[in-house]
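What follows is one structure encoded as structure tokens, with my remarks underneath.
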Amino acid sequence: MNFKKTITTAAVVVTLAAGALMAQGLRGKGPGSFMEGRGQRLEMLATFLDLTPVQKEQMEKIMQASRGEAKPFVEQLRKGHDEMSAAVKAGKPDAELQRIAEAQGAIVGKLIAVHAQGMSQAYALLTPDQKAKADKLHDQLKSRFAGRFGGF
């Protein structure tokens with residue numbers, strides 16, 4: 001497979017996946033949306049980890065701060081998604097597709113850092129027993145993810 005076809009395929013997959021995630025709810029608050037799901041995720045975590053009301057409130061604050069910090073990056077990803085789609089449809093050269101893909105990758109890296117910082121703050125709130133439960137949950141999710149995507 002030549003380089004252009006490989007990069008085009010990868011770019012299309014990434015932009016479609018990012019677009020699908022954004023379309024699923026970063027825009028709305030309806031059933032199945034990201035906005036609805038985050039409240040359910042916090043409730044599920046609170047139950048699973050047996051969070052105190054104070055811990056739950058602190059976690060919500062951390063999540064709100066992370067969302068605020070991530071918002072400009074999400075908007076940049078949307079713009080990059082549109083740019084990549086237009087470039088693919090226009091048959092732009094490999095170098096242009098590579099430039100757009102690298103720019104999108106840098107933005108995803110910033111989102112990962114925001115997420116990791118929030119997770120670190122949340123993890124620091126947990127008791128040793130809660131950390132053990134959180135670690136177990138993380139390992140289960142990691143193994144489930146690895147099973148679907150070929151291992152990590």
Side-chain angles (χ1 to χ4, degrees), residues 1-46 48-49 51 55-126 131 134-135 137-152:
M1 186 181 302
N2 67 30
F3 178 74
K4 185 172 185 174
K5 189 171 183 178
T6 302
I7 195 71
T8 301
T9 301
V12 169
V13 168
V14 168
T15 55
L16 290 174
L21 287 173
M22 287 181 258
Q24 282 184 10
L26 290 176
R27 295 184 177 121
K29 294 186 180 184
S33 75
F34 178 79
M35 303 303 259
E36 177 186 83
R38 78 171 177 243
Q40 292 172 348
R41 281 189 297 276
L42 180 57
E43 287 300 321
M44 186 179 68
L45 276 175
F48 183 80
L49 298 175
L51 298 179
Q55 286 175 312
K56 188 174 168 185
E57 183 180 324
Q58 291 172 321
M59 292 248 187
E60 178 61 29
K61 287 179 182 177
I62 291 168
M63 291 171 70
Q64 286 175 350
S66 291
R67 281 190 302 275
E69 194 174 339
K71 191 173 183 175
F73 300 128
V74 171
E75 198 52 46
Q76 290 173 17
L77 277 178
R78 280 190 185 118
K79 289 177 183 174
H81 170 78
D82 293 343
E83 184 181 7
M84 182 63 84
S85 293
V88 168
K89 291 175 185 176
K92 295 287 183 179
D94 292 350
E96 180 67 8
L97 299 176
Q98 184 71 33
R99 181 195 65 77
I100 297 167
E102 288 174 1
Q104 287 290 85
I107 296 166
V108 169
K110 291 176 183 179
L111 281 171
I112 291 169
V114 167
H115 176 74
Q117 290 163 357
M119 293 295 291
S120 177
Q121 292 169 9
Y123 193 78
L125 297 175
L126 302 178
K131 286 179 180 180
D135 293 345
L137 177 62
H138 178 263
D139 290 344
Q140 289 172 344
L141 294 174
K142 182 179 173 184
S143 107
R144 190 177 298 167
F145 182 81
R148 289 184 184 167
F149 298 101
F152 278 87

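Just the heavy atoms: all of them, side chains too, but no hydrogens, waters or symmetry mates, feed the values below.
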_Note: Glu60-Arg41 ion pair, threshold 4.0 Å (strictly below)_ = no

*Can you name the closest pair of heavy atoms from Phe73 and Lys110 and give their distance?*
CE2-CD, 3.4 Å

*Output the distance between atom NZ (Lys92) and atom CG (Leu97), rounded to the nearest 0.5 Å.*
9.5 Å

_Partners meeting side-chain hydrogen bond (donor to acceptor under 3.5 Å, both in side chains) with Glu102 (sequence neighbours left out)_ = Gln98

*Please round to the nearest 0.5 Å and tell me the distance separating atom NE2 of His81 and atom CD of Gln104.*
9.0 Å

*asked:* Can you give me the closest heavy-atom contact between Gly118 and Ile62, atom names plus distance?
replied: O-CG2, 3.5 Å

_Reported CD-to-OG distance for the pair Gln117 and Ser66, which is rounded to 0.5 angstrom_ = 8.0 Å

*Taking the side chain as every heavy atom from C-beta outward, state whether Leu51 and Leu125 have any atom pair closer than 4.5 Å.*
no

*asked:* Once rounded to the nearest 0.5 Å, what's the spacing between atom CE of Met59 and atom OH of Tyr123?
replied: 11.0 Å

_Restricting to non-hydrogen atoms, name the atom on Leu77 and the atom on Leu111 that form the minimum distance, rounded to 0.1 Å._
CD1-CD1, 3.3 Å

*Of the non-hydrogen atoms in Leu49 and Ala134, which two are nearest, and what is the gap between them?*
CD2-N, 3.6 Å

*Passes side chain to side chain contact (heavy atoms under 4.5 Å, CB included), Ile107 versus Val74? Steps please.*
CA-CA 8 Å; Ile107 296 166; Val74 171; over 6 Å; no

*Go through Lys61 and Glu57 one step at a time and tell me if the salt bridge (charged side-chain N to carboxylate O under 4.0 Å, His left out) criterion holds.*
CA-CA 6 Å; Lys61 287 179 182 177; Glu57 183 180 324; 3.5 Å; yes

*Taking everything shown except Lys71 itself, do over 12 heavy atoms lie less than 6.0 Å from its NZ?*
no

*Do the charged groups of Arg99 and Glu83 touch, with an N to O distance under 4.0 Å?*
yes

